[in-house]
Amino acid sequence: MTKIAICIGSACHLRGAHGVLGAFSALLEKYRLSAEIDLEGNFCQGRCTEGVVIKIDGEIITHVSQENVFAIFQEKVLKEGKQ
Ligand code: FES
């Protein structure tokens, strides 16, 4: 099962982690992947200046925002486009 973890530490929270979480959640619903992908919150990843920080199957992705969630989702979850 793919696991998406969104940092909900205070720095990432201020940078919009809640919105990023909501955007991923909406995409999982839209693509009917809620049963196959685990979406969870994570504690501070120690990269606060690069937030929002997320992890997909252990791979850290920085500078995530509501604007680029879909591109990341396509590339890392749907595995479309560049690998
Ligand atoms: S609060 Fe997200 S990396 Fe520190």
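Basis for what follows: all heavy atoms, side chains included, without hydrogens, waters or symmetry-related copies. Whatever order the structure lists ligands and atoms in, that order sets their numbers, starting from 1.
With ligand atoms numbered from 1 in the order given, ligand 1 contributes 1 (S) to contacts under 4.0 Å with heavy atoms of A11. Residue G9 approaches ligand 1 through these ligand atoms, each under 4.0 Å from one of its heavy atoms: 1 (S). Interface atoms of ligand 1 facing C48, defined by a heavy-atom separation under 4.0 Å, are 1 (S), 3 (S), 4 (Fe).
To the nearest 0.5 Å, the span separating CD1 on I72 from CD on E75 amounts to 8.0 Å.
Partner of R15 under the side chain to side chain contact (heavy atoms under 4.5 Å, CB included) criterion, out of V64, V52, V20: V52 alone.
When distances to atom 2 (Fe) of ligand 1 are checked against a cut-off of 2.8 Å, C7 contributes an N, O or S atom below that limit. Note on C12: counted as a metal contact of atom 2 (Fe) of ligand 1, an N/O/S atom lying under 2.8 Å.
For the ligand labelled ligand 1, residue G46 lies inside the 4.0 Å heavy-atom shell.
Scanning both residues, M1 and A35, for their nearest heavy atoms gives CE-O, 3.1 Å. Among all heavy-atom pairs drawn from A11 and C48, the shortest one is CB-CB, 3.5 Å.
Judged purely by atom type and a 3.5 angstrom limit, Q45 uses its side chain to pair as donor or acceptor with the backbone of F43.
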